[in-house]
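Values reported hereafter were calculated over all heavy atoms of this structure, with side chains retained and with hydrogens, waters and symmetry mates removed. Quick caveat, the model's predicted, so the values are computed rather than measured.
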Amino acid sequence: MTVGSTIRCTVCAILITLPLLLVAAEEKAPGPKDPVSPSADFSGKEGDRQHAVRAALVKARGERLEGELFLAFTSLNLSVAGTGGAKIRTVPLAGIAAIEFVRWQGRKRRDNEYAFYPTRIRVTLADKTVIESGINTTSLYRLRLRTGGRTISLYTFFFEYREKDAWKNSGEKTMAYPETNPHADTVVRIEMLHESGTNPLDAIIKMLSK
């Protein structure tokens, strides 16, 4: 076999083998990842990563649960009144003392069943400034709290039912009543318990008592 024949055979072998190698590479290579969904929370940084912050959740009935609250964002974009219209103010969680849910809006699900979701919050900052803002997110509907050695889910929305022209849970007839009077188990307030505001001596005592 001449040198030219050898080269031709080698080239043909490469041309025949190359498609098979490409197919094998495609099978081994990971497929394209789904595009990241647009943020649904205030900060525009919602994702799979959960940030744990020390907090207390207060229910409408007055029950208070303290522990580690898991959130998918580290700041809130609050709509505040300003010259020429509303403006957006970004506030880090570290600068927030409390988030209070003050109004809900009902959505009819079926027959006489309604789901009431929070639509407005009142935020108290660390410097005592109070900002009231609308909610444009679902991130705060379900709250995961680690407390007492277990992780539980609590909710800022609730269900209500119309029976004989009145609300089943409250007995009130006014349609708008649940908008400002949530079910007793609904979370109505988040209190941020920042470690920076803790007395150093108290922190040491708390650590030694564990």
*Asks:* Atom NE2 in His51, atom CG in Leu71: separation rounded to 0.5 Å?
*Replies:*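 The CG atom of Leu71 is 8.5 Å from NE2 of His51, to the nearest 0.5 Å.
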*Asks:* Would you check if the side chain of Thr156 reaches a backbone N or O of Leu140 as a donor-acceptor pair within less than 3.5 Å?
*Replies:*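 Yes.
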*Asks:* So, do Arg54 and Glu68 sit near enough that their side-chain heavy atoms are less than 4.5 Å apart?
*Replies:*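 Yes, side chains in contact.
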*Asks:* Tyr155: what forms a ring pair (Phe, Tyr, Trp, His ring centres under 6.0 Å) with it, not counting sequence neighbours?
*Replies:*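 In terms of ring pair (Phe, Tyr, Trp, His ring centres under 6.0 Å), with neighbours along the sequence ignored, Tyr155 is linked to Phe157.
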*Asks:* When rounded to the nearest 0.5 angstrom, what is the spacing between CD in Glu132 and CZ in Arg122?
*Replies:*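 Those atoms lie 5.0 Å apart.
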*Asks:* I want to check something: taking the side chain as every heavy atom from C-beta on, are Met192 and Ile190 in contact at a cut-off of under 4.5 Å?
*Replies:*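 Yes, side chains in contact.
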*Asks:* Same cluster or not: Ile96 versus Val58, using hydrophobic residues (I, L, V, M, F, W, Y) connected whenever any side-chain heavy atoms lie under 4.5 Å apart?
*Replies:*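 In one cluster: no.
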*Asks:* Are Phe73 and Phe70 linked, directly or through intermediate hydrophobic residues, by side-chain heavy-atom contacts shorter than 4.5 Å (ILVMFWY only)?
*Replies:*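 Phe70 and Phe73: separate clusters.
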*Asks:* Please round to the nearest 0.5 Å and tell me the distance separating atom CG of Leu57 and atom CD of Glu191.
*Replies:*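 Between atom CG of Leu57 and atom CD of Glu191 there are 9.0 Å.
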*Asks:* Taking side chain as C-beta onward, heavy atoms only, is Ser75 less than 4.5 Å from Leu93?
*Replies:*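 No, too far: nothing below the 4.5 Å cut-off.
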*Asks:* For the backbone of Asp111 and the side chain of Arg162, can you confirm whether one donor and one acceptor N or O come within less than 3.5 Å of each other?
*Replies:*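 Pair absent, no side-chain N/O of Arg162 close to backbone of Asp111.
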*Asks:* Does a side-chain heavy-atom distance below 4.5 Å link His183 with Glu160?
*Replies:*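 The answer is no; the side chains never approach within 4.5 Å.
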*Asks:* Test Lys59 against Leu154 for side chain to side chain contact (heavy atoms under 4.5 Å, CB included), laying out the working first.
*Replies:* CA-CA 9 Å; Lys59 296 183 179 181; Leu154 298 101; 3.5 Å; yes
*Asks:* With hydrophobic residues grouped by side-chain heavy-atom distances under 4.5 Å, do Val53 and Leu78 end up in a single group?
*Replies:*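 Per the 4.5 Å side-chain linkage, Val53 and Leu78 are co-clustered.
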*Asks:* Could you check Glu66 against Thr147 for side chain to side chain contact (heavy atoms under 4.5 Å, CB included), going step by step and ending with a plain yes or no?
*Replies:* CA-CA 6 Å; Glu66 184 177 326; Thr147 179; 5.7 Å; no
*Asks:* Less than 4.5 Å apart, side chain to side chain, heavy atoms only: is that true for Phe101 and Ile135?
*Replies:*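 SC-SC contact between Phe101 and Ile135 confirmed.
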*Asks:* Between Lys168 and Gly171 (side chain of the first, backbone of the second, donor and acceptor by atom type, cut-off under 3.5 Å), is there such a pair?
*Replies:*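 Not a single qualifying donor-acceptor pair exists.
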*Asks:* What distance separates Phe158 CZ from Asn169 CG, expressed to the nearest 0.5 Å?
*Replies:*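 CG of Asn169 is found 8.5 Å from CZ of Phe158.
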*Asks:* Nearest 0.5 Å, what's the OG1-CD distance between Thr174 and Glu179?
*Replies:*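 Separation between the atoms: 10.5 Å.
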*Asks:* Do Val102 and Val130 land in one hydrophobic cluster if side-chain heavy atoms of ILVMFWY residues count as linked below 4.5 Å?
*Replies:*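 No, because Val102 and Val130 fall into different hydrophobic clusters, even though each may have its own neighbours under 4.5 Å.
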*Asks:* Do Trp104 and Met175 share a hydrophobic cluster (ILVMFWY, side-chain heavy atoms under 4.5 Å, transitive)?
*Replies:*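 Looking at the clustering, Met175 is in the same group as Trp104.
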*Asks:* For the pair Tyr114 and Trp167, name the ring-plane relationship: parallel under 30°, tilted 30 to 60°, perpendicular over 60°.
*Replies:*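 Perpendicular.
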*Asks:* Given side chains that start at C-beta, do those of Leu125 and Lys128 come closer than 4.5 Å, heavy atoms only?
*Replies:*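 No. Closest side-chain heavy atoms not under 4.5 Å.
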*Asks:* First locate atom CG of Leu76, then atom CD1 of Ile88, and finally report the distance between them rounded to the nearest 0.5 Å.
*Replies:*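 Atom-to-atom, Leu76:CG and Ile88:CD1 are 11.5 Å apart.
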*Asks:* Please check if atom CG in Asp127 has more than 12 non-hydrogen atoms from other residues, nucleotides or ligands closer than 6.0 Å.
*Replies:*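 It does: Asp127 CG has more than 12 such atoms within range.
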*Asks:* Tyr161: which residues meet the ring pair (Phe, Tyr, Trp, His ring centres under 6.0 Å) condition with it, sequence neighbours left out?
*Replies:*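 Ring pair (Phe, Tyr, Trp, His ring centres under 6.0 Å) check on Tyr161 returns nothing, list empty.
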*Asks:* Atom CZ of residue position Arg64 - does it have more than 12 heavy atoms of other residues, nucleotides or ligands inside 6.0 Å?
*Replies:*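 Yes, because the 6.0 Å sphere around CZ of Arg64 holds more than 12 heavy atoms from other groups.
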*Asks:* Counting N and O atoms only, with roles assigned by atom type, does the side chain of Ser133 sit under 3.5 Å from a partner on the main chain of Ser79, one being a donor and the other an acceptor?
*Replies:*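 Answer holds: yes.
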*Asks:* Side chains of Arg144 and Arg142, heavy atoms from C-beta outward: is any pair under 4.5 Å?
*Replies:*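 In contact.
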*Asks:* With the side chain counted from C-beta on, respond yes when Leu145 and Leu143 share a heavy-atom pair under 4.5 Å apart, and no when they do not.
*Replies:*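 No, too far: nothing below the 4.5 Å cut-off.
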